[in-house]
Amino acid sequence: MNKNSAKIVATSTVREKAGVDSVQPEPSDSFISSPYVEQVTQRALAYLVAGYPVHFSGVAGTGKTTMAFHVASKLGRPVTLVHGDDEFGSSDLVGKDSGYRKNKVVDNYIHSVLKTEEEMKSLWVDNRLTTACERGEILIYDEFNRSRPEANNALLSVLSEGILNLPKLRRSGDGYMAVHPAFRAIFTSNPEEYAGVHKTQDALMDRLITIQLEHYDRDTEIMIVTKKSGLPPEDAERIVDIVRELRMFGVNNNRPTIRAGIAIGRILASQNRRARADDSFFQMICKDVLATDTAKITRGGQPVMMQKVEEVISKYCGSVKPVKDKVKEAIL
Ligand SMILES: Nc1ncnc2c1ncn2[C@@H]1O[C@H](COP(=O)(O)OP(=O)(O)O)[C@@H](O)[C@H]1O
Ligand SMILES: [Mg+2]
């Protein structure tokens with residue numbers, strides 16, 4: 001056989017560690033701890049310390065992701081984040097056969113001979129769940145119900161028996177892995193996104209302790225908008241009142257969320273403006289940010305939400321003057 005030719009030496013499965021991609025979360029300067037935030041945190045911690053996985057369920061903007069990180073930070077262990085995704089397969093969660101590795105061996109002793117060996121090894125790349133289970137990290141599985149139910153199968157035995165099943169490694173004797181005792185999992189999901197009946201999702205839900213999150217109370221929302229925008233608290237208060245009233249109105253009771261309030265606040269602050277009814281720029285930002293969802297619903301040819309936004313601005317910020325009156329005022 002030609003010495004320079006490549007040959008297949010072995011076909012076996014080896015485990016390769018994925019890169020370290022866990023984090024140690026710490027609250028940022030803009031994190032707000034209110035009595036409500038603390039109370040939810042205490043409950044979640046109690047369940048986690050007792051060994052139960054926690055699940056924050058709530059519509060968009062109820063602070064699920066923020067709360068998950070906050071609670072995880074209290075456990076003082078590294079955190080691995082996974083996002084639910086429709087494209088997700090279970091191999092994305094636990095690891096997969098990633099193909100082959102080439103291993104070149106150059107024999108330097110006999111310089112006339114160049115010996116090249118190519119090993120073809122089927123690689124098992126440890127993925128996030130595997131790594132988190134092995135190292136005893138905190139897994140945050142954000143919006144887990146966006147993944148197809150079968151993708152989450154591996155979690156069932158992790159959560160009930162403390163065992164991670166790695167089918168591809170069974171031949172090399174590594175098919176089951178005991179989950180590190182410090183491993184904990186925090187899930188989030190938005191109930192609006194549950195479509196149809198997913199058996200696995202139900203089985204998974206059954207193993208979690210679910211904390212229902214509502215929109216923040218008014219005081220917490222004002223504190224968050226003040227902190228995140230840098231506006232004076234009285235401006236944040238007006239914005240929050242406008243947002244909260246619109247949330248109660250119309251087709252979608254869950255929007256606008258706190259994100260809209262933060263956005264209006266940030267835009268105003270960056271323009272050095274205030275939340276005042278006589279500021280036509282403020283009115284326009286409110287309409288752009290707040291009237292998006294319901295633009296199609298009209299009354300007398302005018303989008304209903306536009307009228308409602310004006311009405312609510314007047315209610316909380318003083319009467320809204322039509323722009324043409326202001327032009328007249330300026331001329332007089
Ligand atoms: N305790 C808090 N302190 C400061 N900002 C917060 C807090 N909770 C939520 N927020 C902010 O509110 C917004 C919505 O929160 P998020 O956790 O993303 O909600 P969800 O995951 O439920 O959609 C984000 O901009 C987030 O930064
Ligand atoms: Mg979120």
Side-chain angles (χ1 to χ4, degrees), residues 23 25-45 48 53-75 79-86 88 128 138-147 152 185-194 201 205 208-233 235-237 239-244 246-247 252-270 285 289-290 292-293:
V23 293
E26 278 175 22
S28 74
D29 291 343
S30 65
F31 180 78
I32 294 291
S33 187
S34 69
Y36 168 78
V37 171
E38 281 316 304
Q39 194 245 54
V40 172
T41 307
Q42 289 311 317
R43 267 152 72 199
L45 276 176
L48 287 161
V54 164
H55 168 216
F56 292 116
S57 169
V59 297
T62 46
K64 301 180 294 292
T65 308
T66 308
M67 205 66 95
F69 271 99
H70 183 54
V71 169
S73 76
K74 300 276 182 196
L75 293 169
V79 171
T80 292
L81 177 67
V82 174
H83 289 286
D85 185 331
D86 204 26
F88 226 38
R128 296 190 177 182
I138 313 299
L139 176 82
I140 295 181
Y141 194 167
D142 204 24
E143 312 274 0
F144 83 94
N145 60 329
R146 286 196 184 168
S147 304
N152 294 333
I186 305 174
F187 296 75
T188 83
S189 78
N190 181 341
E192 286 177 333
E193 287 168 3
Y194 274 94
Q201 233 73 310
M205 288 284 263
L208 315 176
I209 295 187
T210 297
I211 298 180
Q212 299 283 350
L213 295 184
E214 306 291 331
H215 285 289
Y216 284 112
D217 58 277
R218 180 173 175 270
D219 288 347
T220 308
E221 211 166 326
I222 294 170
M223 283 195 271
I224 292 176
V225 172
T226 307
K227 203 63 182 261
K228 292 245 143 136
S229 67
L231 279 182
D235 293 61
E237 188 174 338
I239 295 170
V240 166
D241 283 335
I242 292 168
V243 167
R244 288 174 75 87
L246 292 172
R247 202 178 284 157
N252 188 339
N253 284 341
N254 299 314
R255 286 203 196 86
T257 70
I258 192 172
R259 285 197 187 89
I262 296 171
I264 295 172
R266 281 192 172 154
I267 297 165
L268 276 185
S270 72
I285 306 171
V289 175
L290 301 171
T292 45
D293 277 347

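We use all heavy atoms of the structure for the numbers below, so side chains are in, but hydrogens, waters and symmetry mates are not. All ligand and atom numbering here is 1-based and tracks the order in the structure.
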Q: Would you please say whether a donor-acceptor pair under 3.5 Å links the side chains of Tyr141 and Ser147?
A: yes
Q: Please state which part of His70 comes within less than 4.0 Å of ligand 1, counting heavy atoms only: side chain, backbone, both or neither.
A: neither
Q) Between Ile262 and ligand 1, which residue portion shows a heavy-atom distance shorter than 4.0 Å: side chain, backbone, both, or neither? A) side chain
Q) To the nearest 0.5 Å, what is the distance between NZ (Lys74) and OG1 (Thr41)? A) 7.0 Å
Q: May I ask you to decide if Ala263's main-chain N or O and Lys228's side chain share a donor-acceptor pair within less than 3.5 Å?
A: no
Q. Does Ala60, backbone or side chain, put an N or O under 3.5 Å from an N or O of ligand 1?
A. no
Q: Considering the heavy atoms of Gly61, write down every atom of ligand 1 situated less than 4.0 Å from one of them.
A: 19 (O), 20 (P), 22 (O), 23 (O)
Q. Are the side chain of Arg146 and the backbone N or O of His83 linked by a donor-acceptor pair below 3.5 Å?
A. no
Q) Within less than 4.0 angstrom of ligand 1, does Gly58 place any heavy atom? A) no
Q | Closest approach of any protein heavy atom to atom 17 (O) of ligand 1, naming residue and atom | A | Thr66 OG1, 2.5 Å
Q) Do Phe187 and Phe56 make the cut of ring centroids closer than 6.0 angstrom? A) no
(Q) Show me which atoms of ligand 1 lie under 4.0 Å from any heavy atom of Thr62. (A) 19 (O), 22 (O)
Q) Counting backbone and side chain alike, does Thr188 bring an N/O/S atom below 2.8 Å of the Mg ion (ligand 2)? A) no
Q | Approximate separation, where rounding is to 0.5 Å, of Tyr36 OH and Met223 CE | A | 12.5 Å
Q | Nearest neighbour in protein (non-hydrogen) for atom 1 (N) of ligand 1 | A | Ile32 O, 2.9 Å
Q) Using a heavy-atom cut-off of under 4.0 Å, does the side chain or the backbone of Ser33 touch ligand 1, or both, or neither? A) neither
Q: Measure the distance from atom 4 (C) of ligand 1 to every protein heavy atom, then report the residue, atom name and distance (to 0.1 Å) of the closest one.
A: Ser30 O, 3.2 Å
Q) Under a 4.0 Å N-O cut-off, is there an ion pair linking Asp241 with Arg218? A) yes
**Q.** Closest non-hydrogen atom pair, Tyr216 against Gly63
**A.** OH-CA, 3.6 Å
Q. Nearest to atom 21 (O) of ligand 1, what protein heavy atom do you find, and at what distance?
A. Thr65 OG1, 2.9 Å
(Q) Please list the nearest protein heavy atom to atom 19 (O) of ligand 1 with its residue and the distance rounded to 0.1 Å. (A) Gly63 N, 3.1 Å
Q.
Measuring from non-hydrogen atoms of Tyr216 to any atom of ligand 1, is the shortest distance under 4.0 Å?
A. yes
Q: Indicate yes or no: does Glu38 engage Arg43 in a salt bridge with an N to O separation below 4.0 Å.
A: no
Q: May I ask you to identify, for Ile224, whether its side chain, its backbone, both or neither come under 4.0 Å of ligand 1 on a heavy-atom basis?
A: side chain
Q.
Measuring from atom 22 (O) of ligand 1, which candidate in Lys64, Glu143, Lys228 has the nearest non-hydrogen atom?
A. Lys64
Q. Side chains of Thr188 and His55: donor-acceptor distance under 3.5 Å anywhere?
A. no
(Q) Could you work out, for atom 18 (O) of ligand 1, the closest of Arg259, Lys227, His215 by heavy-atom distance? (A) Arg259
Q: Answer yes or no: is there a donor N or O on one side and an acceptor on the other, between the side chain of Ser229 and the main chain of Leu231, under 3.5 Å?
A: yes
Q.
Can you tell me which portion of Ile258 lies within the under-4.0 Å heavy-atom range of ligand 1? Options are side chain, backbone, both, or neither.
A. side chain
